[in-house]
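Any value given below was found using the heavy atoms of this structure, including those in side chains, with hydrogens, waters and symmetry copies removed. Order of appearance sets the numbers: ligands from 1, and atoms from 1 within every ligand. What you are looking at is a predicted structure, and each value in this text was computed from that prediction instead of being measured.
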Amino acid sequence: MKALRGEEADGPAARPEVFSVAPYVGGESALPGFARPIKLSSNEGAFGPPPGAVQAAAQAAAAMHRYPDGGARRLRDAIGASFGLDPARIVCGNGSDEILSLLIQSYGGPGTELIMSEHGFSIYEIAGRLAGCAVRKAPETNLTTDVDAMLALVTPRTRMVFIANPNNPTGTLLPQSEVERLRAALPAGVLLVLDAAYAEYVGRADYDPGARLVEAGGNTVMTRTFSKIFGLGGARLGWGYAPAAIADVLNRVRPPFNVSHLAAAAGIAALAEPGWLEKSRAHNHAERARLAARLTQSGLRVIPSEANFLLADFTTPARAGAADAFLRQRGIIVRQVRSYGLPHCLRITIGTTEECNLVATALAEFCHG
Ligand SMILES: *Cc1c(COP(=O)(O)O)cnc(C)c1O
């Protein structure tokens with residue numbers, strides 16, 4: 001980073017915040033020597049895209065010369081109908097990452113503080129630093145968000161608190177009662193963002209992804225994505241559900257055509273795909289339990305997950321690195337989570353039954369052989 005700044009010394013100078021973040025490195029998708037590696041590195045759904053979404057995007061492509069509806073009206077109506085929410089308070093984005101960034105640009109900034117948990121989702125820190133916020137990280141308890149630790153970090157400069165629930169990369173869930181206790185204890189002027197990217201995978205009966213708190217007051221936002229269970233990560237489509245005043249802010253700040261009409265068409269069709277959610281949820285529930293059991297049998301500690309991935313603890317960074325290399329030799333890509341402060345762990349996405357079997361067998365071999 002430093003060298004780059006030096007080289008550019010005579011040229012235009014970017015804002016200094018820009019150099020406080022490293023370029024994002026996503027889950028890898030290619031492995032030399034393997035034409036079709038098994039990609040369990042980005043928590044994409046196990047079944048690919050919904051067939052109806054592929055068809056809808058292809059049809060929409062015929063009108064590619066037209067600008068999309070900037071207000072994404074049909075998509076917001078479809079989301080509202082599917083989830084029982086008011087379309088007027090839904091704001092769509094180029095992935096939910098965009099909604100998260102827009103919130104930070106709007107409510108953060110120099111002199112403000114943003115709170116997230118120790119192993120929380122990286123985008124909060126990246127977007128926070130870019131906006132000039134001071135990012136404060138609260139220690140976790142058993143790799144789970146600790147509400148008291150978060151509250152202890154609140155100062156008069158605190159503007160935003162971010163929780164991914166379930167969290168990525170740990171997979172852990174903060175119980176609803178704790179989310180509500182946090183909201184109640186935070187000052188009214190602090191925005192609570194509940195990132196529910198994995199909401200559809202949660203099995204717990206008392207779970208609410210955030211809509212209830214959004215509707216209960218003026219200071220909570222829920223974000224959702226089409227990138228995980230709906231299998232549209234490459235289309236870039238996410239949304240936020242916000243109190244009317246915050247939705248108004250987002251609609252001023254967002255780029256006018258931030259959702260392409262191909263993505264919107266795919267999203268509408270994905271919501272309508274018959275049986276998709278049920279099938280995906282049931283598969284994930286069964287395979288997550290089976291993979292967790294097999295990894296545990298191999299002697300690994302597996303963190304209890306409510307999402308479509310498992311975090312496996314290899315006790316040391318060296319052993320996690322060796323396991324990663326061992327899997328790569330067999331054409332399997334999982335996610336190193338060093339940048340999340342978990343260098344002794346690997347994050348493994350729940351893929352198809354065959355993919356889960358392959359990764360479980362390979363790791364059994366690694367652990368015992
Ligand atoms: C994957 C993920 C997102 C979303 O991503 P988009 O593809 O930008 O919608 C948001 N939050 C968490 C915690 C995630 O894991």
For [X], is the [atom1] atom crowded, meaning more than 12 foreign heavy atoms sit under 6.0 Å from it?
X	atom1	value
Glu215	CD	yes
Arg319	CZ	yes
Arg252	CZ	no

Determine the interplanar angle of the Phe366 and Phe314 rings, folded into 0 to 90°, and report it as parallel if under 30°, tilted if 30 to 60°, perpendicular if over 60°.
perpendicular

Main-chain N/O of Tyr340 paired with His119 side-chain donor or acceptor, under 3.5 Å:
yes

Name the residues with a heavy atom less than 4.0 Å from ligand 1?
Gly95, Ser96, Asp97, Phe121, Ala164, Asn168, Asp195, Ala197, Tyr198, Thr225, Ser227, Lys228, Arg236

Those residues that, when tested against Tyr67, pass ring-ring contact (aromatic ring centres under 6.0 Å, His included) (two or more places apart):
Phe257

